[in-house]
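Report on the structure given below.
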Amino acid sequence: MDSAPPSLFSPVPLPCSFFEPSARIVAPNLLGHWLLRRTPDGSWAGGEIVETEAYLADDPACHGFRGETARNRSMFGPSGRAYVYFIYGNYFCFNTVCARPGVAEAVLIRAIAPTFNSAWMRKNRPVKHDRELTSGPAKLCLALGIERALDGVELVSLPSEVIVAANPNRKQFVRKNGPITATARIGISTAVDLSLRFLLGGNEFVSRRHR
DNA sequence: TAAGTGATGCAT
DNA sequence: TGCATCACTTAA
């Protein structure tokens, strides 16, 4: 099904309009679509998004809640771009920017299935089992080589280093791994009661400890 | 369960 | 300028 040779694979990026609604809407809609990273040989690595979190403009847990800074600038830009930030002195996390310019909303990608070019991802992040490869927000950034240089890049344009592409078989993927469930978000200390984490509980690559 | 890691942002 | 905090991971 999803195992076509990466070099023959021509993904179609999701359109800008996909990311224009509130992150609350976009976050569940992203489940089952593809997060893809261009590799040095021009092929694609990545896989199906299986866990997301929405961060909203009026949400104290959102990095943009207290206004624009150098760090969160991309969140205030147009939708369909990446917001990549550095955290805990070691790691990067990857978001898709949503809503219109000036409105700081984004979707944190917390886990993907390592469907395409997992050999390349394992070079970036050596692990015993594929299960550990991309089952967390910083894990997938390591596996895909996502770092600060990719902050702000267009996710809707094929020449980009990172894109979010339409999975033509999304419906089947969601049916097989779903239903989509919503829970509280992970690792935050404010707005802990909001149900803005979305996941496909039947998929083994959902982040481990918080299934 | 806790330590590691350093940028970030707000208080001083 | 200083310091608490942090949308995490790993080793134990």
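Reminder, nothing fancy here: chain letters follow the sequence lines and each chain counts from 1.
- At whole-Å resolution of the value, OH in A:Y91 and P in B:dA3 are 15 Å apart.
- Of the candidates C:dA7, B:dA7, C:dC6, C:dC6 carries the atom nearest the A:S189 side chain, counting heavy atoms from C-beta on.
- Considering only side-chain atoms of A:R110, the nucleotide from C:dC6, C:dC8, C:dT10 that sits closest is C:dC8.
- Counting only heavy atoms from C-beta on, A:F86 has its side chain closest to B:dG6 among C:dA7, B:dG6, C:dT9.
- For the 3.5 Å distance criterion, the side chains of A:R197 and A:T183 qualify, holding a donor opposite an acceptor.
- The CG-P distance, from A:L108 to C:dC8, rounds to 7 Å in whole Å.
- The cluster map of Ile, Leu, Val, Met, Phe, Trp and Tyr, joined by side-chain heavy atoms under 4.5 Å apart, puts A:I109 and A:V97 in different clusters.
- Mapping A:I87 and A:L142 onto DNA chain C via the closest heavy atom, the residue that lands nearer the 5' end is A:I87.
- At the heavy-atom level, A:A138 lies under 4.0 Å from the strands shown only through sugar-phosphate atoms.
- Sparse packing is recorded around CZ of A:R24, with 12 or fewer heavy atoms of other residues, nucleotides or ligands lying under 6.0 Å away.
- Here A:R81 contributes atom CZ and A:C16 contributes atom SG; the two are 8.5 Å apart, rounded to the nearest 0.5 Å.
- Checking B:dT8, C:dA7, C:dT9 against every side-chain atom of A:Y85, the shortest atom distance belongs to C:dA7.
- Atom-to-atom, CZ of A:F92 to C1' of B:dG6 comes out at 11 Å; the value is rounded to the nearest Å.
- Between A:R110 and A:E53 there is a salt bridge, since at least one side-chain N of the basic residue sits less than 4.0 Å from a carboxylate O of the acidic one.
- With a 3.5 Å ceiling on both atom-pair distances, the Watson-Crick or G-U wobble partner of C:dA11 is B:dT1.
- One interatomic measurement links the two molecules: CZ of A:R71 to P of C:dT5, which rounds to 15 Å at whole-angstrom precision.
- Atom CZ in A:R131 sits roughly 17 Å away from atom C1' in C:dT10 (whole-Å rounding).
- Regarding A:F94, its CZ atom lies at a distance of 17 Å from the C1' atom of C:dC8, rounded to whole Å.
- Here A:R185 lies out of heavy-atom contact (under 4.0 Å) with every strand.
- Nucleotide C:dT10 holds its P atom 11 Å from the CG atom of A:L133, rounded to whole Å.
- In terms of position on DNA chain B, the residue among A:Y88 and A:N72 whose nearest nucleotide sits closer to the 5' end is A:Y88.
- Here C:dC6 presents its P atom at 14 Å from CZ of A:F65, a figure rounded to the nearest Å.
- For the 3.5 Å distance criterion, the side chains of A:S22 and A:E105 qualify, holding a donor opposite an acceptor.
- Across C:dT10, B:dG4, C:dC8, the shortest atom-to-atom separation from the side chain of A:R125 is found for C:dT10.
- Nearest nucleotide to the A:M75 side chain, out of C:dA7, C:dC8, B:dT8: C:dA7.
- Taking every side-chain heavy atom of A:I188 into account, C:dA7 is the closest of B:dC10, C:dC6, C:dA7.
- Between B:dT8, B:dC10, B:dT5, one nucleotide has an atom nearer to the side chain of A:R66 than all others, and that is B:dC10.
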